[in-house]
Amino acid sequence: MTVSSSDSGSIESHDAVDVIRAKRDGRRVDEPALRWMVDAYTRGYVTDPQMSAFTMAVLLNGMDRDEIRVLTDAMIDSGERMDFSSLRKPTVDKHSTGGVGDKITLPLAPLVASFGVAVPQLSGRGLGHTGGTLDKLESIPGWRAALSNDEILAQLDSVGAVICAAGSGLAPADKKLYALRDVTGTVEAIPLIASSIMSKKIAEGTDSLVLDVKFGSGAFMQDIDRARDLARTMVALGTDSGVKTTALLTDMNTPLGLAIGNANEVQESVDVLAGGGPADVVELTVALAREMLASAGRPDVDVEAALADGRAMDLWRRMIRAQDGDPDAALPQPRETHTVTADRAGIITRVDALPFGVAAWRLGAGRARAQDPVIHAAGIDLHVKPGDAVSAGSPLFTLRADDGARFGRALDAVVGAWEIGADAPVPLALVRERITA
Ligand code: URA
């Protein structure tokens with residue numbers, strides 16, 4: 001049996017308790033009832049306690065593919081849809097489920113745009129141990145995250161890439177629901193994560209989308225099987241909505257690159273755009289760029305050449321300038337640093353992402369509450385990665401902060417987070433699987 005009604009127009013056309021009971025008892029909720037639930041919650045008729053009970057029932061009992069599609073669509077319908085159809089080039093976007101040291105959007109957007117594809121990268125700020133793209137870019141003096149829809153369109157036309165804040169008009173139901181899930185232990189439900197991410201991406205109006213779904217200690221999903229489920233659910237949602245969607249499952253057990261923070265991650269991204277940078281950051285940037293360009297109809301281009309010959313860097317500079325940033329300005333530097341060294345010689349066998357993410361956050365690189373500021377110079381510079389040989393006394397990592405009093409709690413977070421052994425660890429592929437519709 002399903003909870004249903006042919007009339008979802010009136011605010012009193014359904015009863016929230018019936019919808020909650022249906023999901024509590026493992027039944028499916030039909031389209032009008034589900035659309036009503038989202039709309040009535042957004043308008044304040046369904047209360048927070050009722051929506052909390054409903055999201056908990058979803059977490060425990062799940063949703064089928066059609067319910068997830070309807071939920072996503074109802075969240076899209078709660079706000080505006082952007083329209084890039086006036087551009088004379090294909091649009092392609094990337095979304096990462098987030099990880100420690102994940103600055104890939106910064107080199108990726110200009111790299112892909114350097115091939116004549118438009119990249120609208122509407123991004124968020126960090127909360128907790130995973131950093132936010134906008135926080136990182138705000139390390140650049142003058143750079144402006146807030147753009148109007150007209151400015152976004154004009155920049156996509158003239159430069160080709162935009163990284164900016166998603167406006168409050170995109171999927172407002174998701175904003176309200178996400179804040180509720182955050183305080184009711186219901187963030188982890190795959191139908192809710194998938195509909196939350198995809199409602200914003202579909203409302204953004206991109207032609208195609210590449211998802212970087214991370215698994216491992218520094219990711220949302222620790223376990224590759226759950227990450228795969230999430231990736232498949234999101235790829236199905238995008239496909240059902242007419243957005244060409246693929247996903248890569250990528251390893252987030254070790255921080256990406258050597259920089260964890262804000263200003264230092266911008267510097268590392270610029271290094272990649274200059275043809276250098278850590279091998280794992282380059283590998284993932286290139287893999288995602290290939291995937292994005294293939295889905296935008298450019299499967300055979302030489303992505304590495306655009307990093308080596310400065311085309312991607314030129315586009316980065318234009319993109320930063322278009323948003324009032326100075327690409328040549330010095331980036332903020334920390335007032336205090338503290339370097340931890342190896343207590344013996346050997347090979348680094350493990351650098352665990354989550355503790356290093358938490359430590360960077362405690363140094364001030366991230367925020368605990370949405371309204372808190374971040375300290376752009378704060379974070380961690382790693383000097384080693386798994387497989388590197390060290391001698392006793394070699395630097396392992398440097399903590400960066402504006403206040404040395406923060407070092408103690410950051411060091412507490414990384415106790416046991418790295419290992420020096422005798423043998424090199426078996427290298428595992430960074431990009432583990434590709435998921436298509
Ligand atoms: N990011 C989102 O936008 N929503 C979620 O539910 C989880 C991550």
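Since we're looking at a predicted model, the values are computed, not measured.
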* Begin with the C-alpha distance, continue with both residues' side-chain angles, and end with the deciding distance and a verdict on side chain to side chain contact (heavy atoms under 4.5 Å, CB included) for Asp352 and Glu419. => CA-CA 9 Å; Asp352 194 358; Glu419 229 168 54; over 6 Å; no

* Asked: Which is it for Glu204 and Arg81 under the salt bridge (charged side-chain N to carboxylate O under 4.0 Å, His left out) test, yes or no, and what are the steps along the way?
  -> CA-CA 6 Å; Glu204 186 191 290; Arg81 274 179 194 256; over 6 Å; no

* **Working for salt bridge (charged side-chain N to carboxylate O under 4.0 Å, His left out), residues Asp240 and Arg65** => CA-CA 10 Å; Asp240 288 353; Arg65 178 167 173 167; 2.8 Å; yes

* To do: Test side chain to side chain contact (heavy atoms under 4.5 Å, CB included) on Val100 and Leu354 and set out the steps.
  => CA-CA 7 Å; Val100 177; Leu354 178 61; 5.8 Å; no

* Asp314 and Ser114: side chain to side chain contact (heavy atoms under 4.5 Å, CB included), yes or no, with the steps? -> CA-CA 8 Å; Asp314 287 347; Ser114 73; over 6 Å; no

* **Working for side chain to side chain contact (heavy atoms under 4.5 Å, CB included), residues Ser208 and Thr245** => CA-CA 6 Å; Ser208 47; Thr245 309; over 6 Å; no

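Checking Thr398 against Asp381 by side-chain atom types alone, no donor-acceptor pair falls below 3.5 Å. Residues Ser85 and Asp83 have side chains that bring a donor and an acceptor to within less than 3.5 angstrom of each other. Under the 3.5 Å distance criterion, with hydrogens and angles disregarded, no donor-acceptor pair is assigned to the side chains of Asp39 and Tyr45. With 3.5 Å as the limit, one finds no donor-acceptor pair spanning the side chains of Asn264 and Glu268. Remark: the Gln323 side chain and the Glu151 side chain contain no N/O donor-acceptor pair separated by less than 3.5 Å. A donor-acceptor pair shorter than 3.5 Å can be found between the side chains of Asp212 and Thr250. Side-chain polar atoms of Asn262 and Ser139 form no donor-acceptor pair below 3.5 angstrom.
With salt bridges taken as basic N to acidic carboxylate O contacts below 4.0 Å, one links Arg228 and Asp225. We find that Lys23 and Glu67 are joined by a salt bridge, their nearest charged nitrogen and carboxylate oxygen being less than 4.0 Å apart. The existence of a salt bridge linking Asp326 and Arg321 is excluded, since no basic side-chain nitrogen approaches an acidic carboxylate oxygen closer than 4.0 Å. Looking at Asp73 and Arg35, a side-chain N of the basic residue comes within less than 4.0 Å of a carboxylate O on the acidic one, giving a salt bridge. Note on Asp280 versus Lys385: salt bridge recorded, some NZ/NE/NH1/NH2 to OD/OE distance being below 4.0 Å. Taking a cutoff of 4.0 Å between a charged side-chain nitrogen and a carboxylate oxygen, Arg432 and Asp251 qualify as a salt bridge. Contact check on Arg144 versus Asp324 returns a salt bridge, with a Lys/Arg side-chain nitrogen under 4.0 Å from an Asp/Glu carboxylate oxygen. Classification of Asp174 and Lys200 as a salt-bridged pair holds, one side-chain N sitting under 4.0 Å from a carboxylate O.
Note that CG of Leu230 and CG of Leu211 are 8.5 Å apart. Values are rounded to the nearest 0.5 Å. With rounding to the nearest 0.5 angstrom, the OG atom of Ser199 is 8.0 Å from the CG atom of Leu71. Interatomic distance, CE of Met292 versus OG1 of Thr91, reported as 10.0 Å (0.5 Å rounding). Distance check: Ile202 CD1 to Met234 CE gives 11.0 Å after rounding to the nearest 0.5 Å. Note that CZ of Arg226 and CZ of Phe215 are 14.5 Å apart. Values are rounded to the nearest 0.5 Å. Between Ile348 atom CD1 and Ile420 atom CD1 the span is 4.5 Å, to the nearest 0.5 Å.
Side-chain atoms of Ser86 do not come within 3.5 Å of backbone N or O of Phe84 as any donor-acceptor pair. For the pair Glu291 (side chain) and Thr246 (backbone), a donor-acceptor distance under 3.5 Å is absent. For Arg362 (side chain) and Ala410 (main-chain N/O), no donor-acceptor pair under 3.5 Å exists by modelled atom type. Under a 3.5 Å cut-off, the side chain of Lys94 and the backbone N or O of Leu108 do not form any donor-acceptor pair.
Residues Val119 and Val162 are not in side-chain contact: their nearest non-hydrogen atoms beyond the backbone lie 4.5 Å or more apart. Side chains of Leu363 and Ile380 form a contact here, defined as non-hydrogen atoms less than 4.5 Å apart. Within the 4.5 Å cutoff, side-chain heavy atoms of Cys164 are placed close to those of Leu122. The shortest side-chain heavy-atom distance between Pro110 and Met313 does not fall under the 4.5 Å cut-off. Under the 4.5 Å side-chain criterion, counting only non-hydrogen atoms from C-beta, Met319 is not in contact with Pro327. Side chains of Arg367 and Asp135 form a contact here, defined as non-hydrogen atoms less than 4.5 Å apart. Counting only heavy atoms from C-beta outward, the side chains of Ile68 and Leu237 approach each other to under 4.5 Å. Within the 4.5 Å cutoff, the side chain of Thr239 has no heavy atoms near those of the Val243 side chain.
Between Phe397 and His383, the distance from one ring center to the other does not fall under 6.0 angstrom.
When every heavy atom of Ala263 is checked against every heavy atom of Pro332, the shortest pair comes out as CB-O, 3.7 Å. In plain terms, the two heavy atoms of Pro355 and Val414 that are nearest each other are O-CG1, 3.7 Å. Considering all non-hydrogen atoms of both residues, Val281 and Thr285 come closest at O-OG1, 2.6 Å. Scanning all heavy atoms of the two residues, the minimum distance from Leu59 to Thr186 falls at CD1-CA, 3.7 Å. For the residue pair Leu249 and Ile224, the shortest heavy atom distance occurs at CD1-CG1, 4.0 Å. Scanning both residues, Tyr41 and Val46, for their nearest heavy atoms gives CD1-O, 3.4 Å.
Pro334 meets the side chain to side chain contact (heavy atoms under 4.5 Å, CB included) test with Thr337, Ala377, Arg400; sequence neighbours excluded.
The ring pair (Phe, Tyr, Trp, His ring centres under 6.0 Å) pairs that include a residue from residues 89-115 number zero, where partners must be two or more places apart or lie in different chains.
Cation-pi contact between Lys214 and Phe220: absent, since separation from the ring centre below 6.0 Å together with deviation from the ring axis within 45° is not met.
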